[in-house]
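Worksheet: the structure to be examined is printed underneath.
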Amino acid sequence: MDFTNIPLFNAMQQKMKYHSARQAELALNVSNVDTPNYRARDIKAPDFAAMMASNRSAGAMVRTNPMHMPPGMGKNGALNKSIERANTYEINPIGNNVVIEEEMMKVAENQSEYQKVLGIYKKSLEMFKIALGKGGGA
């Protein structure tokens, strides 16, 4: 079965791709911490809410019971759009605006978000396998 045709799985895959690309960009910032005139960069976050809304308009997400949570309650373009970060707090004497502590916090947050989406993705696949009678339990 091809899970990429299911909008929820497609959205999770796109979010994981975004976090992978962002991790590479943050690592590049850390590696250039002493490069003169280097400007910290980041990846523009895709509009996941719009992605889910477009899926909903295609009939993919429908609220079947008024007691269910409405679609689109989560937060969060194009993927892999590298942008110069404008909100850095300091520029050192060589013109570099990378703050190692700030970058490491962003790396940790990004890694945590990736792991969260990956966990949901794995559990969803396990539920499909159980539903199809192919195991999947621990």
Side-chain angles (χ1 to χ4, degrees):
M1 178 174 200
D2 185 16
F3 291 105
T4 57
N5 293 333
I6 300 172
L8 181 61
F9 281 94
N10 187 26
M12 286 189 285
Q13 288 173 348
Q14 291 301 314
K15 188 147 174 85
M16 287 188 290
K17 286 178 185 177
Y18 158 71
H19 285 298
S20 293
R22 185 169 190 232
Q23 195 75 358
E25 197 72 33
L26 294 173
L28 188 63
N29 290 343
V30 170
S31 68
N32 283 294
V33 71
D34 291 325
T35 303
N37 298 317
Y38 180 81
R39 296 290 185 212
R41 301 188 65 77
D42 208 336
I43 301 292
K44 183 179 186 298
D47 189 357
F48 292 108
M51 183 187 305
M52 294 309 289
S54 70
N55 289 337
R56 193 170 47 249
S57 66
M61 291 183 64
V62 179
R63 190 172 175 188
T64 57
N65 184 319
M67 298 299 289
H68 293 166
M69 292 190 313
M73 286 187 65
K75 64 174 182 170
N76 254 342
L79 190 57
N80 297 337
K81 295 288 184 186
S82 180
I83 55 172
E84 189 170 308
R85 195 179 307 139
N87 61 347
T88 54
Y89 298 105
E90 59 187 62
I91 295 178
N92 63 25
I94 61 171
N96 187 316
N97 70 347
V98 178
V99 179
I100 194 71
E101 293 84 3
E102 184 180 334
E103 294 302 315
M104 295 311 290
M105 286 188 328
K106 288 179 188 301
V107 165
E109 176 189 354
N110 189 60
Q111 182 178 2
S112 173
E113 287 293 315
Y114 180 88
Q115 291 297 326
K116 182 172 36 174
V117 175
L118 181 62
I120 294 169
Y121 190 83
K122 285 180 177 180
K123 289 296 181 186
S124 299
L125 283 177
E126 287 177 12
M127 288 191 303
F128 268 102
K129 287 180 182 178
I130 291 169
L132 293 171
K134 299 190 182 215

So M16 and H19, do their side chains get closer than 4.5 Å, heavy atoms only?
no

Exercise: identify the closest heavy-atom pair between I120 and M12:
CG2-SD, 3.6 Å

Less than 4.5 Å apart, any side-chain heavy atom of Y18 and any of Q14?
no

Atom of V30, atom of I100 and distance for their closest heavy-atom approach:
CG1-CD1, 3.6 Å

Would you call E103 and K106 a salt bridge, using N to O less than 4.0 angstrom?
no

Rounded to the nearest 0.5 Å, what separates atom CG in L8 from atom OH in Y121?
10.0 Å

Verify the cluster assignment for V99 and L26: are they in a single hydrophobic cluster under the rule of side-chain heavy atoms below 4.5 Å apart?
no

Same cluster for M104 and V98 if Ile/Leu/Val/Met/Phe/Trp/Tyr side chains link at under 4.5 Å?
yes

Any side-chain heavy atom of I6 within less than 4.5 Å of one from F128?
yes

Residues in side chain to side chain contact (heavy atoms under 4.5 Å, CB included) contact with D34, at least two apart in sequence or another chain:
none

State which residues pass side chain to side chain contact (heavy atoms under 4.5 Å, CB included) with R39; sequence neighbours excluded, sorted by chain then number.
E84, I91, N97

Spacing of CD belonging to Q111 relative to OG belonging to S20, to within rounding of 0.5 Å:
11.0 Å

Report yes or no: do V33 and V107 belong to one cluster of Ile/Leu/Val/Met/Phe/Trp/Tyr joined by side chain heavy-atom distances under 4.5 Å?
no

Quick check for you: to the nearest 0.5 Å, what is the distance between N37 atom CG and N96 atom CG?
8.0 Å

Taking all non-hydrogen atoms of both residues into account, name the closest pair between R41 and N29 and its distance.
O-ND2, 2.6 Å

To the nearest 0.5 Å, what is the distance between CG on D42 and CZ on R22?
4.0 Å

Salt bridge (Lys or Arg N to Asp or Glu O under 4.0 Å) against K122, all qualifying residues, sequence neighbours excluded:
none

Between atom NZ of K123 and atom CG of L118, what is the distance when rounded to the nearest 0.5 Å?
11.5 Å

hydrophobic_cluster_shared for Y114 and V117, side chain cutoff 4.5 Å
yes

